[in-house]
Amino acid sequence: MGKMSRRAFGRYAGVLSVTLAAAGAGGTLAGCGITNRGKGTSAVLDKRTYNTLDPRNAANFTTALRVPRAGGGLFGILDLPATPIDVTARRRSMDMLNGKSTEALAYEVQANDTTYLNPVFCVQTGATIAPRLINGLDEPTIIHWHGLHVDWRNDGHPSYAVGGGASYDYRFAVQNRAGTYWYHPHPHKVTAQQAYRGLAGLFIVDDDDDQRLRQSLDLDLGVTDIPLVLQDRLFDARGNLVYAPGPMEQFSGVVGDVMLVNGTVNPVLEAEARVYRFRILNGSNARLYRLSIVKGSDRLPVQLIGTDGGLLTQPRQISEMFLAPAERVDLLVDLRGLNTGDVLFLKSHTFDPMHSEMAGMSATSSPQGGGHGGMGGMSGMSGMDSASRLADGEEFNILKLTVKAAAPYDRSIPTTLSRLTPIDTSNAAARSFTLSASGMQWLINGAQFEMERELFRTRSNTVEVWEITNARESMPHPMHLHGFQFQVLERRGSPAQLRDMVVDSQGRIATDLGWKDTVLVWPGEAVKIAIDFTNTFSGEQLYTFHCHNLEHEDGGMMVNYRLPST
Ligand code: C2O
Ligand code: CU
Ligand code: CU
């Protein structure tokens with residue numbers, strides 16, 4: 001910590017006092033505590049209850065992981081038909097905290113005589129689908145199919161949000177290659193709250209390459225090919241979700257202190273000593289994870305086989321990776337060589353969250369904060385009005401794996417997975433973006449989101465190379481593009497904690513080597529990406545480019561761009 005310069009600190013501190021004064025919150029600030037919590041939320045969990053849920057304590061991992069399966073339920077696997085199918089966004093009580101019922105939101109689908117909640121939709125490349133969103137909420141919503149190449153009417157642009165009781169019909173052909181995509185709400189200013197309260201699911205696309213991989217390793221979706229949706233949440237004493245960010249938490253993003261995987265708190269998976277596939281989505285609003293699988297203090301090497309937009313050309317062995325909100329990694333984990341009874345953990349390791357300036361600011365700005373000595377000595381990184389007991393960048397467990405005896409298994413990991421044609425950038429148009437803050441607002445090229453206006457227009461059917469530069473006095477921003485998958489060309493100015501992960505002379509890390517729709521840009525970093533903006537749809541298209549820290553997105557760290565018709 002304490003890497004923040006005096007100058008920057010002063011700037012942020014100035015901003016904060018203005019905001020607090022404006023909010024008239026002077027009297028409620030004592031103790032950096034729980035101010036501005038929404039009415040109607042009961043108190044945060046008492047310490048004793050929290051101790052039983054704290055993911056730092058390995059002994060808390062006792063609940064069987066909810067593995068997505070065919071046959072319904074939460075995250076049940078559902079083959080999407082070509083015929084219209086109703087997807088209703090509605091309130092539901094759900095079992096998240098063992099026995100307590102949690103008021104949440106879910107996408108509900110009735111199919112095969114059963115109820116699916118946030119189904120894992122499965123489709124083949126080339127299939128046409130026709131989901132109908134029914135808005136059963138009392139506020140506007142719209143579904144965005146994250147990572148899919150669809151025309152803007154099917155993309156869930158916020159201007160298409162429909163009010164409570166209304167519906168929206170989608171109909172599109174799935175053009176993407178096999179991969180782990182996902183879907184979630186996208187109404188302007190309330191995306192974060194709706195996603196946090198439960199609206200999110202996976203969208204798995206299948207094709208020949210993926211089938212070949214699964215066959216050669218005898219992988220079965222829902223059995224040995226396991227989607228893992230990582231979400232951190234805050235709960236109150238009754239077991240309900242708490243979402244009531246104050247201004248600081250709005251600015252840094254909301255992090256929780258209870259870990260859910262596929263809606264299961266502190267889960268355990270009993271695994272055979274064979275090869276497993278884990279498709280991991282960071283479904284958190286704002287938390288970054290530095291993932292690895294450990295046995296004791298040893299990191300287990302895993303094979304990275306895919307990223308946001310599907311398979312890599314070949315597996316690449318890694319032992320850790322950062323996963324920012326909305327990013328996916330596809331991993332093969334070889335448990336042969338382990339013994340029955342061995343215990344492993346998927347965990348998030350310590351890292352520098354690189355936004356200590358905000359925490360430092362909260363310490364010195366509060367009436368009691370004078371003794372903290374500026375930026376040093378802060379323990380909580382998540383902002384003064386956060387109720388989270390688990391700081392951003394802290395170490396904690398996510399999933400416990402216990403190894404049991406194996407059925408005979410003698411497959412070898414293929415050396416070739418798929419093809420990945422590099423985008424030809426020889427005639428590319430260059431464009432640059434700067435990410436920065438002004439006041440309590442995050443900006444893209446100095447701009448805030450405006451529903452009807454685009455920041456730029458691409459030329460017709462042009463390849464562009466973007467350089468996205470994050471200010472030094474900033475925080476990490478996972479930047480996401482609608483409409484197209486892109487390729488990462490280069491990283492410059494990366495923080496020291498990325499150094500061991502760099503795999504080539506362009507400064508890229510292993511997770512940069514596949515198709516991407518979301519790329520994390522660290523403070524001080526410049527990331528170059530290539531995008532082929534060929535408009536394969538009819539008419540102009542209006543898409544967004546935004547930060548996928550959902551509080552940032554809602555706060556306007558988003559811009560429109562327009563694709564001309566061809
Ligand atoms: Cu997953 Cu516009 O977002
Ligand atoms: Cu998206
Ligand atoms: Cu951001």
Side-chain angles (χ1 to χ4, degrees), residues 141-152 154-161 176 179-192 194-196 199-203 229 231 249-255 281-288 308-309 324-328 353-355 358 383 392 433-438 440-445 447-449 451 468-471 473-486 515-523 525 527 531 541-561:
T141 195
I142 191 73
I143 295 178
H144 166 58
W145 311 95
H146 181 119
L148 295 189
H149 178 59
V150 293
D151 65 294
W152 82 293
N154 281 299
D155 183 57
H157 186 278
S159 61
Y160 281 109
N176 290 66
T180 308
Y181 307 92
W182 63 303
Y183 60 98
H184 61 77
H186 221 290
H188 191 39
K189 294 189 192 295
V190 283
T191 290
Q194 290 182 5
Y196 187 92
L199 292 176
L202 292 171
F203 192 104
V229 178
Q231 293 166 320
E249 217 175 354
Q250 205 66 256
F251 185 58
S252 55
V254 171
V255 296
L281 162 70
N282 181 345
S284 303
N285 279 29
R287 183 180 286 280
L288 306 180
D308 304 344
E327 284 189 301
R328 287 86 71 204
M354 298 188 79
H355 52 99
M358 289 173 279
D392 201 0
F433 296 89
T434 305
L435 314 176
S436 65
S438 165
M440 296 290 276
Q441 311 258 272
W442 294 107
L443 304 170
I444 301 174
N445 279 359
Q448 276 266 306
F449 185 65
M451 189 70 86
I468 309 167
T469 306
N470 195 353
E473 292 143 12
S474 183
M475 62 176 282
H477 296 290
M479 299 307 296
H480 169 57
L481 183 71
H482 282 217
F484 299 89
Q485 294 281 326
F486 55 80
W515 286 102
K516 295 287 291 172
D517 55 52
T518 307
V519 66
L520 184 61
V521 187
W522 292 89
E525 226 184 2
V527 176
I531 314 131
Q541 308 297 325
L542 188 71
Y543 293 118
T544 65
F545 171 53
H546 65 84
C547 180
H548 220 291
N549 176 314
L550 292 181
E551 282 71 33
H552 293 185
E553 175 186 338
D554 277 352
M557 194 181 187
M558 172 156 77
V559 293
N560 282 320
Y561 71 95

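Just so you know, ligand 1 is whichever comes first in the structure, and atom 1 is the first atom listed for that ligand.
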TODO: Give a yes/no answer: is there an N/O/S atom of His480 under 2.8 Å from the Cu ion (ligand 2)?
DONE: yes

TODO: Give, rounded to 10 degrees, the angle between NE2 (His546) and NE2 (His482) as seen from atom 2 (Cu) of ligand 1.
DONE: 110°

Open item on the list: Is His186 close enough to atom 2 (Cu) of ligand 1 that one of its N, O or S atoms comes in under 2.8 Å?
Closed with: yes

TODO: Report yes or no: does His548 have an N/O/S atom closer than 2.8 Å to the Cu ion (ligand 2)?
DONE: no

TODO: Would you mind reporting whether Trp152 and His482 have side-chain heavy atoms less than 4.5 Å apart?
DONE: no

Open item on the list: For His157 and Asn560, which I'm curious about, is there any donor-acceptor pair between the side chains at under 3.5 Å?
Closed with: yes

- [ ] Using only N, O or S atoms, tell me which atom of His552 is closest to the Cu ion (ligand 3).
- [x] ND1

Open item on the list: Quick check: of its N, O or S atoms, which one does His477 have closest to the Cu ion (ligand 3)?
Closed with: ND1

Open item on the list: Walk me through whether Trp182 and Arg328 qualify under side-chain contact (heavy atoms from CB on, under 4.5 Å).
Closed with: CA-CA 9 Å; Trp182 63 303; Arg328 287 86 71 204; 3.9 Å; yes

TODO: Would you please test Trp522 and Leu288 for side-chain contact (heavy atoms from CB on, under 4.5 Å) and show each step?
DONE: CA-CA 11 Å; Trp522 292 89; Leu288 306 180; 3.8 Å; yes

TODO: Using only heavy-atom distances, determine whether the side chains of Glu551 and Asn285 contain a donor-acceptor pair under 3.5 Å.
DONE: yes

